[in-house]
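Working notes, structure below.
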Amino acid sequence: MKVYFKLISILLLLNSIACEAKLSTKFYDGRCRDAAAIIRKSIEKAVSREPRMAASLIRLHFHDCFVQGCDASILLDETSTIQTEKMAIPNANSVRGYDVIEAVKREIEHACPGIVSCADILTLAARDASVAVGGPWGNVRLGRRDSTTANRSQAETDLPSPFVDLNALILAFAIKGLNARDMVALSGSHTIGQAQCFLFRDRIYSNGSDVDTGFATTRRQRCPRNGGDGNLAALDVATPDLLDNKYFKNLVERKGLLQSDQVLFSGSTGGIVSEYTKKPRVFAADFGKAMKKMGEIQILLGKNGIIRRRCSAIN
Ligand code: HEM
Ligand SMILES: *[C@@H]1O[C@H](CO)[C@@H](O)[C@H](O)[C@H]1NC(C)=O
Ligand SMILES: *[C@@H]1O[C@H](CO)[C@@H](O)[C@H](O)[C@H]1NC(C)=O
């Protein structure tokens, strides 16, 4: 009898360790009940102050997850041992929202010190940002832990460039366990937010057959042949602050801003773009699913990683 109980208690113990080591939508329920509400309120406030912040936070999450997984490595500042990803080519002078996340983290630390990871905050912030601009995305699973390292060179190799062709885009996502359909759905994030002139200049001056002439002419007004590199344009001309399926309609009309946007309406992914123009609900469902999948790339669980006290530094 005694042995039997001992066995059961060992099994229960093992089970609780196993539970620790996996993601769950209820992860903070007994640990920091208010975490989700604190994050949601603060993200809603940030987005109402500046609508573009919704886009910036979604991109921040993407650029975190594609470099050694969703471990908040992108938030770490430079030290003698850490090469900050913030200075990597795709991120420098481009990725935004660090201050919003650090401010949310301060609020969370006040409520429940040492419990909620920066990686989970990034995931929830991206989810809440999406919802704040009319996007889909339901419950997310939580329990990610934070890295003690960052990898600038991986940020430069693994984050896709806007100048590459369709096969390279498909490959960049395949390496992270995401298929072409996930890639197209996730690119639907470009239905909000902005891009700098130097990243779409070649396209609008190309006179290419895949660019609408009227669209190119309009875009040239704020993106001259020389200079104005940092001038901004909406990624979605139609509804720049709404997470909807207009982005895909733009692509069919040859009004994609980036080369990497327009190439999606070609080859093996062209049909997916067409489908999303006609079926907004299918896009919404796929977007939500793909976001969750992206948010679970190579996460640190259980005893791996740490809970950072500040997101920009290791404890
Ligand atoms: C398919 C490959 C992708 C490429 C080549 C790409 C490239 C870019 C580029 C060049 C910009 C403009 C940056 C700047 O002007 O400083 C941008 C903006 C943005 N990207 Fe992507 N992206 C891709 C996929 C994604 C994915 C998967 C997401 C999210 C899940 C995403 C979300 C965003 C958002 C929301 C913005 C606007 C950010 C803001 O306004 O602050 N992108 N992207
Ligand atoms: C950074 O990532 C690359 C692969 O992209 C890997 O070869 C390298 O070892 C990593 N560096 C560190 C310090 O983890
Ligand atoms: C595009 O067309 C304009 C005028 O029609 C011309 O000046 C320019 O050189 C062309 N650009 C390219 C890349 O062919």
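Note that ligands are numbered from 1 as they come in the structure, with each ligand's atoms numbered from 1 the same way.
Considering backbone and side-chain N/O of S56, one or more are found under 3.5 Å from N/O of ligand 1. Not one N or O of S187 is nearer than 3.5 Å to an N or O of ligand 1, by distance alone. Any N or O atom pair closer than 3.5 Å counts here, and N151 shares at least one such pair with ligand 2.
Counting protein heavy atoms under 4.0 angstrom from atom 14 (O) of ligand 2 gives one or more. Atom 5 (O) of ligand 2 lies below 4.0 Å from at least one non-hydrogen atom of the protein. Not a single protein heavy atom sits closer than 4.0 Å to atom 9 (O) of ligand 3.
A salt bridge links D229 to R201: at least one charged side-chain nitrogen sits closer than 4.0 Å to a carboxylate oxygen. Remark: E102 does not engage R106 in a salt bridge, criterion side-chain N to carboxylate O under 4.0 Å. In summary, D210 and R203 engage in a salt bridge, as defined by a charged side-chain N under 4.0 Å from a carboxylate O. Electrostatic pairing of E296 and K292 does not count as a salt bridge here, judged by no charged N lying under 4.0 Å from a carboxylate O.
Within the 3.5 Å criterion, the main-chain N or O of G188 finds no donor-acceptor partner in the side chain of T191.
Here is the list of ligand 3 atoms found below 4.0 Å of a heavy atom in N207: 1 (C), 2 (O), 3 (C), 8 (C), 10 (C), 11 (N), 12 (C), 14 (O). Using a 4.0 Å cut-off to heavy atoms of L258, the atoms of ligand 1 that qualify are 7 (C), 8 (C), 9 (C), 10 (C). Numbered from 1 in the order shown, with element, the atoms of ligand 1 that lie under 4.0 Å from a heavy atom of R52 read 39 (C), 40 (O), 41 (O). Close contacts between ligand 3 and Y205 involve ligand atoms 11 (N), 12 (C), 13 (C) [criterion: under 4.0 Å to a heavy atom].
By the criterion of a heavy-atom distance under 4.0 Å, the side chain of L235, and not its backbone, is placed next to ligand 1.
Residues K293 and N179 are in side-chain contact: their nearest non-hydrogen atoms beyond the backbone lie under 4.5 Å apart. The shortest side-chain heavy-atom distance between R141 and F27 does not fall under the 4.5 Å cut-off.
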